[in-house]
Amino acid sequence: MQVEKISDTLHKITFSDGTKLTLIGTAHISSESVDLVGSTIEQEKPDRICIELDATRLKSKEDKKGWEGMDIRKVLKEGKGFFLLANTALASFQKRMGNETGVKPGEEILLAAAKAKENNIPLSLCDREIQTTFRRAWAKSSLWNKMKLLATLISAAFSDEKLSEADLEKLKKEDSLEAMMNEMAEELPTVKEVLIDERDRYIATKIFQAEGKNKVAVIGAGHTKGIISTLEKLEEGKIKNDVKELDVIPKGTPWGKILSFLVPALIILLLVIAIATTGWESGLRSFLWWMVACSSSTLIFSIIALAHPLNALLCAVTAPFFSLNPVLGVGMLGGVLEATFRKPRVADFEKMSDDALTLRGWYRNKILHALLVFLLSSLGSALGTFVAFPMLISRL
């Protein structure tokens, strides 16, 4: 395989069978990248265009009303609340970067797709589904790393820090999404393999598998080095030409499930010990203290989220019982009820991406508000449950 570096963003690759590949590494918020993609496709006249995008994200970018088909209550009931939070935060980060540079995120990818349709060129979507990437990262993370992953995404979404001129110029030459992914990988080395290395291999393999003798691939600049390295290994047969295992969601370690059952079991055990050693009256008093700690913490966090008054009350009352059930969660209840009491309107779907840029928008938008209630009530319940442990032990 021969690699000719035309520039930092453009590489021409010739494989042993004569297949040619023009690899364009773009920044997703750069007007220069948009121009480069358009001119390269016109010049190369490829018989196949490959883009770093999956079917779900392409549909969401092309269909402006795609959010309107989402049922927030169904999402929460299916246990996908944290994944929707992550997706929303990620989209918010990219949109904020796009506002800084004046270019809509992913415009060069959409241009490549439009050129393919306009010129009847076969199009290959070469990226892995973003949900699969997050779910694999989630499954391979410890509880602490899961919290850090969410915190990194949400802090990036809410940050109001203005970029300097030097930062703006740097962003125009780099892939903003991959820069964020790299930052998360540094903070969370255990998920670097999923966020960076796996996607390099996945995208490269899909490009390698795509039919055509003169292909153009549009990818994020942060993937360029990893993809070229993977293409060389595929050409030499050093790695297998298959990525099926990268689409499989691992079951993860059993410790998460064990912990979910262990916490309520310990609470029940402490209450039984309290009753056995101090009598029914003192034991029931300990049980009451635990309920107060769990309920009050959930109520406080629900109020911070500005949940509907009835919703906040119901979350507080049910929090102790939800904490004893490893399958259900008070956050799911809070989010579903919030979307029920304050049903999202079409305007909320239309303004969702803009509202996600500010903290005020998360309170104002009824979809984002339901997610916020889901998150904060979950945190309140977890905090109350763990605070109750030393209280129960001290009362023994």
Side-chain angles (χ1 to χ4, degrees), residues 1-53 101 103 105-113 115-116 121 123-127 166-183 185-186 192 195-239 241 243:
M1 187 179 95
Q2 295 180 344
V3 180
E4 181 184 0
K5 183 178 179 180
I6 307 300
S7 65
D8 289 337
T9 57
L10 192 64
H11 293 76
K12 291 194 173 184
I13 300 171
T14 303
F15 295 94
S16 58
D17 64 354
T19 298
K20 295 182 179 180
L21 170 65
T22 302
L23 198 64
I24 310 173
T26 70
H28 292 318
I29 48 175
S30 166
S31 58
E32 287 84 354
S33 290
V34 177
D35 295 338
L36 178 62
V37 168
S39 61
T40 302
I41 291 175
E42 291 292 335
Q43 181 179 343
E44 295 296 328
K45 294 180 171 52
D47 55 11
R48 169 77 60 170
I49 294 178
C50 304
I51 58 176
E52 181 206 324
L53 208 61
T101 58
V103 178
E107 189 170 335
E108 85 290 357
I109 298 285
L110 291 178
L111 175 63
K115 288 284 186 182
I121 302 172
L123 179 69
S124 292
L125 304 177
C126 296
D127 202 358
D167 290 332
L168 286 173
E169 289 304 313
K170 186 178 179 181
L171 275 174
K172 291 177 182 179
K173 298 177 182 178
E174 295 181 350
D175 180 355
S176 62
L177 178 58
E178 295 311 315
M180 182 182 181
M181 289 287 196
N182 284 322
E183 182 180 339
E186 291 177 7
K192 175 184 180 296
L195 297 178
I196 309 298
D197 301 335
E198 283 188 1
R199 288 183 65 226
D200 283 348
R201 180 187 161 195
Y202 194 98
I203 296 168
T205 304
K206 289 295 184 179
I207 292 173
F208 188 78
Q209 292 174 343
E211 296 180 358
K213 285 294 183 179
N214 181 27
K215 298 181 280 191
V216 168
V218 183
I219 61 171
H223 283 298
T224 302
K225 185 177 179 181
I227 285 177
I228 291 176
S229 175
T230 304
L231 287 172
E232 289 176 343
K233 293 175 182 176
L234 287 166
E235 169 84 348
E236 297 169 4
K238 291 182 178 179
I239 59 175
N241 184 12
V243 289

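If you're wondering where the values come from, they're calculated on a predicted model, not measured in any experiment. Counting from 1, the numbers follow the sequence of the chain as shown.
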Mind checking whether [X] and [Y] have side chains closer than 4.5 Å, heavy atoms only?
| X | Y | answer |
| --- | --- | --- |
| Asn241 | Thr205 | yes |
| Ile121 | Asp47 | no |
| Leu21 | Leu231 | yes |
| Thr22 | Gln43 | no |
| Ile207 | Ser124 | no |

Got a sec, which residues hit side chain to side chain donor-acceptor pair (under 3.5 Å) with Glu42, two or more places apart in sequence or on another chain?
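Listed in chain order: Lys115.
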Residues forming a side chain to side chain donor-acceptor pair (under 3.5 Å) with Asp197, sequence neighbours excluded:
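Asp197 satisfies side chain to side chain donor-acceptor pair (under 3.5 Å) with Lys192 once adjacent residues are dropped.
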Electrostatic pair Glu4-Lys20, nearest N-O below 4.0 angstrom:
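Between Lys20 and Glu4 there is no salt bridge, as every charged N stays at least 4.0 Å from the carboxylate O atoms.
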Report the distance from atom [atom1] of [X] to atom [atom2] of [Y], rounding to the nearest 0.5 Å.
| X | Y | atom1 | atom2 | value |
| --- | --- | --- | --- | --- |
| Leu123 | Cys50 | CG | SG | 8.0 Å |
| Leu53 | Ile219 | CG | CD1 | 13.5 Å |
| Ile24 | Thr40 | CD1 | OG1 | 4.0 Å |
| Phe15 | Lys213 | CZ | NZ | 10.5 Å |
| Ile203 | Ile227 | CD1 | CD1 | 4.5 Å |
| Ile13 | Ile228 | CD1 | CD1 | 5.0 Å |

With no hydrogens and no angle check, do the side chains of Glu108 and Thr26 hold a donor and an acceptor under 3.5 Å apart?
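On atom types as modelled, these side chains qualify, holding a pair under 3.5 Å.
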Examine distances only and state if a side-chain atom of Arg48 and a backbone atom of Lys215 form a donor-acceptor pair shorter than 3.5 Å.
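Not a single qualifying donor-acceptor pair exists.
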Would you say Glu235's side chain and Ser16's backbone share a donor-acceptor pair under 3.5 angstrom?
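A pair under 3.5 Å: yes.
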Compare every heavy atom of [Y] with every heavy atom of [X], then report the nearest pair and how far apart it is.
| X | Y | result |
| --- | --- | --- |
| Ala113 | Ile51 | CB-CD1, 4.3 Å |
| Gly25 | Thr224 | CA-OG1, 3.8 Å |
| Lys12 | Glu44 | NZ-OE2, 2.8 Å |
| Val37 | Ala112 | CG1-CB, 4.0 Å |
| Thr19 | Gly212 | CG2-O, 3.6 Å |

Any residue meeting salt bridge (Lys or Arg N to Asp or Glu O under 4.0 Å) with [X], in chain and number order, not counting sequence neighbours:
| X | value |
| --- | --- |
| Asp8 | Lys5 |
| Glu236 | Lys238 |
| Glu198 | Arg128, Arg136, Lys140 |
| Arg201 | Glu245 |

